[in-house]
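Okay, so here's the structure we're looking at.
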Amino acid sequence: MTIDIYIGSDHGGFKLKNIIIKHLNELGYSVQDAGCYSEDSCDYPVIAKEVVNEVLETGKKGILVCGTGIGMSIAANRYSGIRASHCTDTFTARMTRMHNDSNILCLGERVTGAGLALDIVDIWLNTEFEGGRHLNRIKML
Ligand code: RB5
């Protein structure tokens, strides 16, 4: 099966991650889960690296969930070629695709309710990069 989206969480994002996976599967996406696989405490940088590696290797998109979304975004953005966006609203989810060509979406289970999180995911996945002057800018990163 071809993987469309790579996803991962730590224990703080485990429940929201599973809600997102179910939602994406229902929409017909194939999703590969890099862990974690339980609510046992684990280290978000380890999971972030797994998803980062897949995104860099395949050019597909990734989603990372932790308690706040911040730890995952800090971890993912340490890697060249990753443009990870921590979003808590649909406007920034849309704009970060249009202007930043965001390739990883970060969400916080303890911050963003599941209904809003799924809207953010849908908008982020379905918004195209505008290119043009924005391409020049992301090349400067
Ligand atoms: C785990 O307790 C929590 O620190 C983690 O999920 C995340 O929010 C870190 O940024």
Side-chain angles (χ1 to χ4, degrees), residues 1-39 41-141:
M1 187 198 277
T2 313
I3 304 299
D4 300 313
I5 298 162
Y6 294 88
I7 196 165
S9 76
D10 71 353
H11 54 290
F14 182 71
K15 285 197 195 81
L16 179 58
K17 177 183 69 178
N18 287 329
I19 291 169
I20 294 169
I21 292 172
K22 181 170 177 285
H23 173 73
L24 292 176
N25 287 156
E26 283 168 3
L27 290 173
Y29 290 98
S30 60
V31 182
Q32 182 167 296
D33 184 1
C36 61
Y37 304 111
S38 78
E39 289 186 83
S41 183
C42 66
D43 302 319
Y44 61 82
V46 175
I47 304 292
K49 190 172 184 196
E50 294 288 325
V51 170
V52 160
N53 287 342
E54 297 290 1
V55 167
L56 290 175
E57 199 173 303
T58 64
K60 299 281 176 72
K61 293 193 182 87
I63 298 175
L64 288 167
V65 192
C66 63
T68 59
I70 296 172
M72 284 297 197
S73 64
I74 292 171
N77 276 319
R78 294 184 71 84
Y79 297 89
S80 181
I82 293 298
R83 294 173 300 281
S85 307
H86 175 221
C87 295
T88 57
D89 64 89
T90 53
F91 177 75
T92 49
R94 181 179 294 107
M95 294 307 291
T96 198
R97 284 289 311 129
M98 289 167 65
H99 288 190
N100 313 124
D101 198 16
S102 169
N103 51 9
I104 292 188
L105 173 66
C106 300
L107 293 163
E109 179 183 305
R110 298 170 187 161
V111 179
T112 305
L116 175 57
L118 295 183
D119 278 355
I120 290 171
V121 166
D122 288 346
I123 286 170
W124 185 79
L125 284 174
N126 289 302
T127 303
E128 295 298 321
F129 178 48
E130 277 184 355
R133 68 188 189 282
H134 302 295
L135 180 59
N136 295 336
R137 289 167 184 163
I138 67 170
K139 282 180 181 167
M140 294 178 193
L141 292 170

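Bear in mind that the values here come from a model prediction, so they are computed numbers and not experimental data.
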- Could you give all pairs that pass the salt bridge (Lys or Arg N to Asp or Glu O under 4.0 Å) test and reach residues 110-122, with sequence neighbours left out? none
- Reported OH-to-SG distance for the pair Y44 and C106, which is rounded to 0.5 angstrom: 11.5 Å
- Task: Applying side-chain hydrogen bond (donor to acceptor under 3.5 Å, both in side chains), name anything that partners S38, two or more places apart in sequence or on another chain.
- Result: D40
- Closest non-hydrogen contact found for M72 with A48 is SD-CB, 3.9 Å
Side-chain atoms of residues 128-139: list all donor-acceptor pairs with protein atoms under 3.5 Å, sequence neighbours left out, distances to 0.1 Å.
| from | atom 1 | to | atom 2 | distance (Å) |
| --- | --- | --- | --- | --- |
| E130 | OE1 | H134 | NE2 | 3.4 |
| H134 | NE2 | H99 | NE2 | 3.4 |

- In Å, rounded to the nearest 0.5 Å, how long is the span from NZ of K22 to CD1 of I19? 9.0 Å
- Query: Any donor-acceptor pair under 3.5 Å linking the side chain of Y37 with the backbone of G35?
  - Reply: yes
- Stepwise side chain to side chain contact (heavy atoms under 4.5 Å, CB included) check, L105 with L64: CA-CA 6 Å; L105 173 66; L64 288 167; over 6 Å; no
Atom pairs and distances, side-chain donor-acceptor, residues 55-62, under 3.5 Å, sequence neighbours left out:
| from | atom 1 | to | atom 2 | distance (Å) |
| --- | --- | --- | --- | --- |
| T58 | OG1 | E54 | O | 2.7 |
| T58 | OG1 | K60 | N | 3.0 |
| K60 | NZ | I3 | O | 2.7 |

- Contacts of N100 that satisfy side-chain hydrogen bond (donor to acceptor under 3.5 Å, both in side chains) - sequence neighbours left out: T96
- Message: Run the side-chain hydrogen bond (donor to acceptor under 3.5 Å, both in side chains) test against T88 and tell me which residues pass, sequence neighbours left out.
- Response: none
- From CG (L107) to CD1 (I63), nearest 0.5 Å: 7.0 Å
- Message: Is the shortest side-chain heavy-atom distance between I5 and L125 below 4.5 Å?
- Response: yes
- Kindly write out the residues that satisfy side-chain contact (heavy atoms from CB on, under 4.5 Å) with T92, not counting sequence neighbours, or none if the list is empty. C87, D89
- With sequence neighbours excluded, what pairs up with H23 under the ring-ring contact (aromatic ring centres under 6.0 Å, His included) test? none
- Message: With rounding to the nearest 0.5 angstrom, report the CD1 to CG distance, I123 to L118.
- Response: 11.5 Å
- Under the side-chain hydrogen bond (donor to acceptor under 3.5 Å, both in side chains) test, which residues partner S73, sequence neighbours left out? none
- Query: Applying ring pair (Phe, Tyr, Trp, His ring centres under 6.0 Å), which residue pairs with at least one partner in residues 62-95 are found, sequence neighbours left out?
  - Reply: none
- Query: Under the 3.5 angstrom rule, does the side chain of E109 hit a backbone N or O of G67 as a donor-acceptor pair?
  - Reply: no
- What is the distance from atom CG of D4 to atom OG of S30, rounded to the nearest 0.5 Å? 3.5 Å
- Query: Is there any salt bridge (Lys or Arg N to Asp or Glu O under 4.0 Å) pair reaching into residues 78-87, and which pairs are they, with sequence neighbours excluded?
  - Reply: R83-D101
- Query: Between atom CG of D43 and atom SG of C66, what is the distance when rounded to the nearest 0.5 Å?
  - Reply: 12.0 Å
- Message: Do I104 and V52 make a side-chain contact, defined as non-hydrogen atoms from C-beta onward lying under 4.5 Å apart?
- Response: yes
- Note on the structure: Residue pairs meeting side chain to side chain donor-acceptor pair (under 3.5 Å), one or both in residues 6-21, sequence neighbours left out, come to S9-K17, K15-E39, K17-D33
